[in-house]
2 protein chains.
Amino acid sequence: MAYRETEKMRLRKAAARQRIAECTYECVAEGGFRNARITRIAQLADVATGTIYRHFESKEDLFAEIFRQATQREIAKVTKALATPGSATERLEKALRQFAERALKGPVMAWSLIAEPVDPKVEEERLAYRKAYAGLFEQAIREGIEEGCIPDQNARQSSTCLVGAIAESLVGPLSPTQTNLAAAKETENNDQLVNTIICFCLQGLTGIRR
Amino acid sequence: MAYRETEKMRLRKAAARQRIAECTYECVAEGGFRNARITRIAQLADVATGTIYRHFESKEDLFAEIFRQATQREIAKVTKALATPGSATERLEKALRQFAERALKGPVMAWSLIAEPVDPKVEEERLAYRKAYAGLFEQAIREGIEEGCIPDQNARQSSTCLVGAIAESLVGPLSPTQTNLAAAKETENNDQLVNTIICFCLQGLTGIRR
DNA sequence: GCTATTAGTGAATATTGATTCATTCTTTTG
DNA sequence: CAAAAGAATGAATCAATATTCACTAATAGC
């Protein structure tokens, strides 16, 4: 017996794995899963293409892991926004704003997480993601109904409408940011846009003019 | 000179072209553009793969034409709904219902037209489609603002929210039909679903509880 | 320093699916 | 019917990438 994995090596391998993951994230944020090539990721991470396969079973597995990591971050943000004090409507507004602002900052990633067609293993992750998301908004809507600040309705269906209105407005094919990237960078415009969307969403939810 | 294209041949070729187009539509309606293989289309149309290239420059061109044909149909339906008599709100409700019901009938095609990532030439067609669509809803919202039944707002942004809420609810990854196809076939459920969405959309637009 | 073991490499291979083109089949006309 | 022109065919080719694997480099323990 002349070689056994030592702590040092374990750390180094973990670091390499992490670096690959980060570069994959970068690639996806740039052009979506579809345009994230293994060779490009290897280049960015400064390893050989084969090395990636020593750390991940396949491209699909790698993507699934990146998807999971990315969504966990998003979910955490929205969860936090919903945990602040205030009425359900106020908390929902915070959460929607959080969601919208995150999406505006990284529209390609947001689109990849929400709508880009992906391989089955990644789609599985998306299922978990959407359940978590829908669950969060749904729960908040239910609380609003109990509190009386939101009229009785199908919370699940309404939460889907919320996500759809935001997603389409910010990252969808009808989005103004797709055709006018320059304008999208003007923070004022973005604030304006987010306000309009949130107004629409909260009115849709409550039926109360704001 | 021993051969010249005759009327009979012109018709036969037109028929073949049409058949190819129809089979392509079928393929796309089944699994989106991504899964529409030339070989499969050729099989369905009962021609050799090479024949397709005698009628269309390339796969991209074929898809672009199918996209155009499909969207023209959709636009026509919504245009018609918006041309009926009644207040802007009433006409919008009819149009949204039309849109939603069409999408429910062919969710894969609806998704392909609205959101599926496609090649540049097809994307160009989509640009025209979305302009037409956004234009129709926008126009109706503007009329509503003038009539006084809809409060002043950014008509363009609101129309995007409308499309997003419907698209996500019916054909998006959060759609109930995606996870529960059996239930989606129950017409009652669908009516219920469409009503909830339209309620959300009209409240979002008007801020008036219905 | 030596050897066993694992990590890393990247050119070669495999796969998938669009596109081509030499060949065959049909139609038209004298 | 024969010749000319076009239409149709589908196996072969091409292109784009994911994946493999024979080989090299690095590390651990003696």
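For clarity, every value in this text was computed on a predicted model and none was experimentally measured. A, B, ... follow the sequence lines: proteins, then strands. Residue 1 opens every chain.
Checked for salt-bridge contact, A/Arg102 and A/Glu74 meet the test: a charged N lies under 4.0 Å from a carboxylate O. Contact check on A/Glu93 versus A/Arg97 returns a salt bridge, with a Lys/Arg side-chain nitrogen under 4.0 Å from an Asp/Glu carboxylate oxygen. Contact check on A/Glu123 versus A/Arg126 returns a salt bridge, with a Lys/Arg side-chain nitrogen under 4.0 Å from an Asp/Glu carboxylate oxygen. Salt bridge status for A/Glu7 with A/Arg10: present, with a side-chain N to carboxylate O gap under 4.0 Å.
Computed from coordinates, the A/Arg40 CZ to D/dA16 P distance equals 18 Å when rounded to whole Å. In this structure, A/Arg37 atom CZ and D/dA16 atom P are separated by 10 Å, rounded to whole Å. Rounded to an integer number of Å, the gap from A/His55 NE2 to C/dA7 P is 8 Å. Atom-to-atom, CG of A/Asn35 to P of D/dA16 comes out at 14 Å; the value is rounded to the nearest Å. Atom CG in A/Asp119 sits roughly 11 Å away from atom C1' in D/dA18 (whole-Å rounding).
In this structure, the side chain of A/Thr84 does not engage the main chain of A/Lys80 through any donor-acceptor pair within 3.5 Å. Looking only at distances, no side-chain donor or acceptor of A/Asp119 sits under 3.5 Å from a matching main-chain atom of A/Val122. A donor-acceptor distance shorter than 3.5 angstrom exists from the side chain of A/Gln153 to the backbone of A/Leu205, with no hydrogens or angles considered. Between the side chain of B/Arg17 and the backbone N or O of B/His55, at least one donor-acceptor pair lies under 3.5 Å.
For DNA chain D, the residues of residues 41-54 of chain B within the heavy-atom distance limit of 4.0 Å (strictly under) are B/Val47, B/Ala48, B/Thr49, B/Gly50, B/Thr51, B/Arg54, sorted by number. Residues of residues 8-27 of chain B that place a heavy atom closer than 4.0 Å to DNA chain C, in numerical order, are B/Lys8, B/Met9, B/Arg12. Looking at residues 56-65 of chain B, you'll see B/Ser58, B/Lys59 sit with a heavy atom under 4.0 Å from some atom of DNA chain C.
Using bins of under 30°, 30° to 60° and over 60° for the plane-to-plane angle, the ring pair B/Tyr129/B/Tyr133 lands in the perpendicular bin.
Residue-environment remark: CG (A/Asn195) exceeds the threshold of 12 foreign heavy atoms within 6.0 Å.
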Practice problem: Show the numbers, then the answer: is there a side-chain hydrogen bond (donor to acceptor under 3.5 Å, both in side chains) between B/Thr160 and A/Glu168? | Solution: CA-CA 7 Å; B/Thr160 304; A/Glu168 183 71 35; over 6 Å; no

